[in-house]
Amino acid sequence: MTQAECGPAVTRIADGAELPAPGRWQIDPGHAELAFIGRHFMLTKVRGRFTGLSGVIEVAELPGDSTAEVTIDMTSVESGNEARDEHLRSADFFDVANHPTATFSARASGWQGTRGVLAGELTLRGVTRPVTCRPGTSATPPTPGAATGPSSPPRAPSTGRTGA
């Protein structure tokens, strides 16, 4: 993520955990992915990801009041098998010809420290359903003294996992 507004601090301590500073954070598509695990005939796991993400996370003063708005480029699905990826893009699954994007709009829930859930709505193929996901982060705080201006914004890559 990159901070959409210039501010004095990139991170802060809340409930003993290091978190992004309050503000509007732009999802950095080059450093974010949405991963999934599906089952094939209930026998094998198929792992994949969407690499085309954009959106904004509004980090609130109280982490539990934070929100997220994400747009997913459905054509960016990658599962490690091009034939399977083309099938996933087809009308049998994501129907990217008619629905090239999906959206996720959520609010933080049950947040404590660096853990919590995002409860929201996922719109996929024009159908909106409730979804709860546990976001994860592989972020490391910026190096003290490192440049954090517009030419080298702080970044916080993340993956989201759905399910309870």
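- Considering CD of E69 and CD1 of I27, their distance stands at 9.5 Å, rounded to 0.5 Å.
- The CZ atom of R49 lies 11.0 Å from the OG atom of S79; values are rounded to the nearest 0.5 Å.
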Decide yes or no on side chain to side chain donor-acceptor pair (under 3.5 Å) for T67 and E58, but give the supporting numbers first. CA-CA 5 Å; T67 61; E58 288 280 347; 5.8 Å; no
Stepwise side-chain contact (heavy atoms from CB on, under 4.5 Å) test for E121 and V131: CA-CA 6 Å; E121 294 184 330; V131 170; over 6 Å; no
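- From R84, atom CZ reaches atom NE2 of H40 across 8.0 Å, with rounding to the nearest 0.5 Å.
- Rounding to the nearest 0.5 Å gives a distance of 9.0 Å between CG of N81 and CG of L88.
- By the criterion of side-chain heavy atoms lying less than 4.5 angstrom apart, applied directly or through intervening Ile, Leu, Val, Met, Phe, Trp or Tyr residues, L34 is grouped together with F36 in one hydrophobic cluster.
- Separating the CG atom in L53 from the OG atom in S76 is a distance of 6.5 Å, to the nearest 0.5 Å.
- A search for side-chain contact (heavy atoms from CB on, under 4.5 Å) contacts involving Q112 returns nothing, not counting sequence neighbours.
- Contact check for P100 versus M74: no side-chain heavy atoms found under the 4.5 Å cut-off.
- More than 12 heavy atoms of other residues, nucleotides or ligands shown are found within 6.0 angstrom of CZ on R125.
- R129 is linked by a side-chain contact (heavy atoms from CB on, under 4.5 Å) to V127, counting only residues two or more places apart in sequence or in another chain.
- Under a hydrophobic clustering in which Ile, Leu, Val, Met, Phe, Trp and Tyr are joined whenever their side-chain heavy atoms come within less than 4.5 Å, directly or via other members, V117 and W111 fall into different clusters.
- Remark: T75 OG1 to D85 CG distance equals 11.0 Å, nearest 0.5 Å.
- In summary, R89 and E82 engage in a salt bridge, as defined by a charged side-chain N under 4.0 Å from a carboxylate O.
- V59 approaches P20 most closely through the heavy-atom pair CG1-O, 3.6 Å.
- At distances below 3.5 Å, not a single donor-acceptor pair connects side-chain atoms of T123 with backbone N or O atoms of T128.
- Each ring-ring contact (aromatic ring centres under 6.0 Å, His included) pair with one or both residues in residues 65-107, not counting sequence neighbours, appears once here: F50-F94, H87-F93.
- With hydrogens and angles disregarded, no donor-acceptor distance shorter than 3.5 Å links the side chain of T11 to the backbone of E18.
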